[in-house]
Amino acid sequence: MWNYEKRLQYPVNIKNPNPKLAQVIISQFGGPDGELAASMRYLSQRYAMPYREVMGVLTDIGTEELAHLEMIGTIVHQLTRNLTPEEIVASGFDKYYVDHTTGIWPQAAGGIPFNACEFQSKGDPITDLVEDLAAEQKARSTYDNILRLVHDNEVADPIRFLREREIVHFQRFGEALRLVQDKLDEKNFYAFNPAFDCNTKPTSVRECGKL
Amino acid sequence: MNYSCNRMSREQLFDWINMVSFAVVETALYLDTHPCDEEAMKFYHEVLEMRKNAIMEYSNHFEPLTLDLAGGNKGKWEWVMSPWPWEGGNC
């Protein structure tokens, strides 16, 4: 069950519109390595995880990604406020505008709509966590690519925050992967899917004071 | 409605939380389109108080239901020590 907090995780206050930049940044809303895909990936993968610590990491990061989705939506919205038809045409924003006006719709920068095929939920904890590590790196690379094109600090500042979070999440997923590798079947974790084949019952890896 | 949390079993308290939490959500949704309805506002505050008390009670005695209460009261990170909802372990 979820509750909403009426605030952004990190403030976004952009004064100057820039529809050209908005078309690039929207990729982190609905693109292949975007925040929507990230959230849906982690929240979908939780169910097949064998350990409650890992379920917790996926739940909490999956939730934070929704907050990032909201930040990206806000950035795109603020970059496309108060546009004249001339500015829309001159910036190349017209192709998006004709279908969505200045509404926010999940698509990649190239116009490809959001698609669940952009992530996996394989039901194998090692497979899924390795995907999650890659996903965080891909998102970090995308933010690096975006930052090269941004010259407005009001845009760069929240993007830098989001980039940092990719690095922190990568770290946490690395730890989650290690928990699974250490506990599940350390002699044989690449050969098959022990969480499925051995019908592993969910537990917590750690009992504080014991491990 | 008056209901003392102290007399409830874990299962009863959990059901109670589901019930009053739904009342909060439902009333909030109504208030979104009727923000000046004083009677609805009064009911909202009533059920909100019940929800807060019950969630606190549940966290103190059993396990945390929100991240704000995840530290528990035993000095450890209870969040990942108890079953997740899809395990069917919660009552």
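Predicted model, so just to flag it, every value in this text is computed and none were measured. Naming convention: chains lettered A, B, ... in sequence-line order (proteins, then strands); numbering from 1 in each chain.
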For the CG atom on B/Leu67, are there more than 12 heavy atoms of other groups (residues, nucleotides or ligands in this structure) within a distance under 6.0 Å?
yes
Between atom CH2 of B/Trp86 and atom OG1 of A/Thr59, what is the distance when rounded to the nearest 0.5 Å?
4.0 Å
Show, in sequence, the C-alpha distance, side-chain angles and deciding distance for A/Asp60 and B/Trp79, and conclude whether the side chain to side chain contact (heavy atoms under 4.5 Å, CB included) test is met.
CA-CA 10 Å; A/Asp60 295 340; B/Trp79 195 235; 3.0 Å; yes
Residues from residues 39-50 of chain A approaching chain B under 4.5 Å (heavy atoms)
A/Arg46, A/Tyr47
Counting neighbours of CG on A/Asp99 that are heavy atoms of other residues, nucleotides or ligands and sit closer than 6.0 Å, is the number greater than 12?
yes
Out of curiosity, A/Ser204 OG to B/Trp77 CH2, how far, rounded to the nearest 0.5 Å?
13.5 Å
Check whether more than 12 heavy atoms from other residues, nucleotides or ligands sit under 6.0 Å from atom CZ of A/Arg178, and answer yes or no.
no
Bottom line for A/Thr203: the part with an atom under 4.5 Å from chain B's heavy atoms is neither
If you count every heavy atom of other residues, nucleotides or ligands that lies below 6.0 Å from A/Phe114 atom CZ, does the total exceed 12?
yes
Test salt bridge (charged side-chain N to carboxylate O under 4.0 Å, His left out) on A/Arg52 and B/Glu87 and set out the steps.
CA-CA 10 Å; A/Arg52 291 183 184 132; B/Glu87 292 182 43; 2.7 Å; yes
For the candidates A/Met1, A/Lys201, A/Met55, which exhibits the highest count of non-hydrogen atom pairs separated by less than 4.5 Å from chain B?
A/Met55
